[in-house]
Amino acid sequence: FSLARKALFEKGGYTVDSVLPKELGTKEKLGEVLLKPHLSYWKAIKAALDQDFPLHGISHITGGGLYDNIPRVLPANVNCVIDVDVLPPLPIFKLIEKKGKVDPAGMYRFFNMGTGMVWMVPNRKADAALKICRQAGFVAEQIGEITKGTRKTVLPKFEG
């Protein structure tokens with residue numbers, strides 16, 4: 001919240017009562033948008049467990065974004081390569097990036113950008129995993145792949 005507060009309130013000049021329908025696509029106050037709780041993904045996880053679905057890893061994406069959270073569940077000899085264009089960031093994150101002049105790669109290091117959970121499943125089971133998540137009411141997409149590596153998250157869009 002420190003970076004969001006600095007970007008939006010100090011640099012952007014907004015308050016918790018600011019309403020930004022053009023920027024955020026909602027008539028909610030900025031404070032309400034910022035305080036929305038993380039979703040509970042239990043319904044999808046339970047459905048997968050009830051089906052004895054092969055979940056090789058689950059990462060709840062919180063502070064530390066994709067870069068810091070995913071490696072915690074990876075074996076030492078693999079990377080998780082993410083295509084950030086598959087799930088566009090929520091408008092609040094684009095606003096923080098713009099007003100705070102934060103580089104896009106940094107945004108994915110500090111925030112989840114709207115991707116709240118990542119499942120690692122066998123590639124042949126990706127469609128079935130998406131179906132489980134969608135039936136549980138979540139937006140779900142295959143956003144990447146596991147490759148040989150050194151236990152890190154790779155976002156090719158920002159690297160190289």
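On a predicted model such as this, the values are computed, not experimentally measured, just so you know. Here, residue 1 is the first one in the sequence, and each next residue gets the next number.
Under the side chain to side chain contact (heavy atoms under 4.5 Å, CB included) criterion, Glu32 pairs with Glu28, Lys29, sequence neighbours left out. Residues satisfying the ring-ring contact (aromatic ring centres under 6.0 Å, His included) criterion with Phe9, sequence neighbours excluded, are absent altogether. His38 pairs by the ring-ring contact (aromatic ring centres under 6.0 Å, His included) definition with His60, not counting sequence neighbours.
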Which is it for Gln142 and Asn123 under the side chain to side chain contact (heavy atoms under 4.5 Å, CB included) test, yes or no, and what are the steps along the way? CA-CA 9 Å; Gln142 184 171 349; Asn123 195 46; 3.2 Å; yes

Under 3.5 Å, which donor-acceptor pairs do the side chains of residues 45-58 form with other protein atoms, sequence neighbours left out?
{"unit_1": "Lys46", "atom_1": "NZ", "unit_2": "Asp50", "atom_2": "OD1", "d": "3.4"}
{"unit_1": "Lys46", "atom_1": "NZ", "unit_2": "Asp50", "atom_2": "OD2", "d": "2.9"}

Do any side-chain atoms of residues 98-117 form donor-acceptor pairs under 3.5 angstrom with protein atoms, and if so which ones, sequence neighbours left out?
{"unit_1": "Asp103", "atom_1": "OD2", "unit_2": "Ala105", "atom_2": "N", "d": "3.3"}
{"unit_1": "Asp103", "atom_1": "OD2", "unit_2": "Gly106", "atom_2": "N", "d": "3.0"}
{"unit_1": "Asn112", "atom_1": "OD1", "unit_2": "Gly114", "atom_2": "N", "d": "2.6"}
{"unit_1": "Asn112", "atom_1": "ND2", "unit_2": "Ile61", "atom_2": "O", "d": "3.2"}

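In this structure the side chain of Val78 never reaches within 4.5 angstrom of the side chain of Arg151, judged on heavy atoms. Taking 4.5 Å as the limit, some side-chain heavy atom of Leu95 sits within range of a side-chain heavy atom of Leu24. Leu34 is listed as a side-chain neighbour of Leu8, based on a closest heavy-atom distance under 4.5 Å. Counting heavy atoms from C-beta outward, Ile92 and Leu30 have side chains that approach closer than 4.5 Å.
The shortest non-hydrogen separation linking Ala140 to Cys133 is CB-CB, 3.6 Å. Nearest heavy atom pair, residue Ser59 against residue Val73, reads CB-CG2, 4.3 Å.
For residues 70-92, every residue pair satisfying the salt bridge (charged side-chain N to carboxylate O under 4.0 Å, His left out) rule, not counting sequence neighbours, is listed here: Asp85-Lys157.
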